[in-house]
Amino acid sequence: MLRRVDAIRILMEYVRDEVVVCNLGFPSKELYHIRDRPENFYMLGSMGLCSSIALGLALSLDKKVIAIEGDGSLLMNLGTLSTIGYTQPDNLLLYIVDNSAYGSTGNQRTHTERISLCKIARACGIEAIEVSQEGDLRRVIEEALKDNKTRAIVVKVEPHNENVEDIPLHPMYIKFRFMESIKPYRKKR
Ligand SMILES: Cc1ncc(C[n+]2csc(CCOP(=O)(O)OP(=O)(O)O)c2C)c(N)n1
């Protein structure tokens, strides 16, 4: 079975100039060590808001926005799926890395062992697919990045935290570097 770090590494092989907002904790640390770039926004502390921030960015930018979301965080803010389904920006990809655990705090189990985030997303009108095999994952990432509609990919992975250091960047630096990097993509009003 894939691990979260594999799912993030595979996604980042396909990412060019897309904007990426990443769930807090180990997902962000793993992303930083796989490929740091100004267009990555690393969440710090605020669980459950990654997809909501990505939605706001998708609505205000002429650029594909990817939320690297976690099952625990998404369960904490399920309402965001209805808001995303309702607004349906044509440039948003929810990349939900589902390890059925609160991985960053010690792999306590979440409800996604039996509850399907893919089905919940579909019920909100979002085109969603669940995958667990690398070949399928690569195919759906390629499709989703080309597509001009809101899409969700739920990647089922096993719980595992890669042994990586904390992100050595100051939170304000992460924020301002990110804001600067997305300036060219602002929608003209
Ligand atoms: C409101 C809130 N509650 C709890 C925490 C502590 N916390 C930080 S990361 C995390 C687990 C996140 O799990 P998930 O979103 O599934 O991502 P994973 O680490 O498993 O990839 C928790 C409980 C927090 N930061 N904020």
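Just so it is clear, the structure is predicted and the values come from calculations on it, not from any experiment. When a ligand or atom number is given, it counts from 1 through the structure's own listing order.
Looking at atom 20 (O) of ligand 1, its nearest protein heavy atom turns out to be Gly103 N, 2.6 Å. The nearest heavy-atom contact from the protein to atom 17 (O) of ligand 1 is Asn23 ND2, 3.2 Å. Looking from atom 7 (N) of ligand 1 to the surrounding protein, the closest heavy atom is Thr105 CG2, 3.5 Å. Counting protein heavy atoms only, atom 16 (O) of ligand 1 is closest to Gly72 N, 2.7 Å. With respect to atom 19 (O) of ligand 1, the closest heavy atom belonging to the protein is Ser104 OG, 2.6 Å. The protein heavy atom nearest to atom 1 (C) of ligand 1 is Met76 SD, 3.7 Å.
A cation-pi arrangement is present between Lys29 and Phe26, with the terminal nitrogen or guanidinium carbon under 6.0 Å from the aromatic centre and inside a 45° cone about the axis.
Residue Gly45 has at least one N or O atom closer than 3.5 Å to an N or O atom of ligand 1. At a 3.5 angstrom cut-off on N or O pairs, Pro27 does not count as close to ligand 1. Residue Asn99 places at least one N or O, backbone or side chain, under 3.5 Å from an N or O of ligand 1. Residue-to-ligand polar distances keep Tyr102 apart from ligand 1: every N/O pair is separated by 3.5 Å or more.
Residues His160 and Asn99 have side chains not in contact (no heavy-atom distance under 4.5 Å, counting atoms from C-beta outward). Taking 4.5 Å as the limit, some side-chain heavy atom of Ser51 sits within range of a side-chain heavy atom of Leu74. Side-chain atoms of Leu94 and Leu81, non-hydrogen and from C-beta on, do get closer than 4.5 Å to each other.
The closest approach between any non-hydrogen atom of Ser73 and ligand 1 is below 4.0 Å. In this structure, Val97 falls outside the shell of residues with a heavy atom less than 4.0 angstrom from ligand 1. Every heavy atom of Glu69 sits 4.0 Å or more from the atoms of ligand 1.
A pairwise comparison of heavy atoms in Ala67 and Cys50 identifies CB-SG, 4.0 Å as the closest pair. Annotation for Asn40 and Met12: closest pair OD1-CE, 4.2 Å, computed over non-hydrogen atoms.
For Glu180 and Lys183, the salt-bridge test passes: some basic side-chain N is under 4.0 Å from an acidic carboxylate O. A salt bridge is absent between Asp6 and Arg3: the closest approach of a Lys/Arg side-chain nitrogen to an acidic carboxylate oxygen does not fall below 4.0 angstrom. The existence of a salt bridge linking Glu143 and Arg151 is confirmed by a sub-4.0 Å separation between a basic side-chain nitrogen and an acidic carboxylate oxygen.
Only the backbone of Ala101 comes within contact range of ligand 1, with a heavy atom under 4.0 Å; no side-chain atom does. Under 4.0 Å from ligand 1, heavy atoms of Asp71 appear from its side chain as well as its backbone. Counting heavy atoms closer than 4.0 Å to ligand 1, residue Asn161 contributes nothing at all.
Judged by distance alone, the side chains of Arg4 and Asn161 do bring a donor and an acceptor atom under 3.5 Å apart.
Ring geometry for Phe41 versus Phe178: interplanar angle of 30 to 60°, hence tilted.
If you check each of Met43, Met47, Arg4 against atom 26 (N) of ligand 1, the one with the closest non-hydrogen atom is Met47.
The ligand atoms of ligand 1 that sit less than 4.0 angstrom from a heavy atom of Leu24 are 8 (C), 9 (S), 25 (N).
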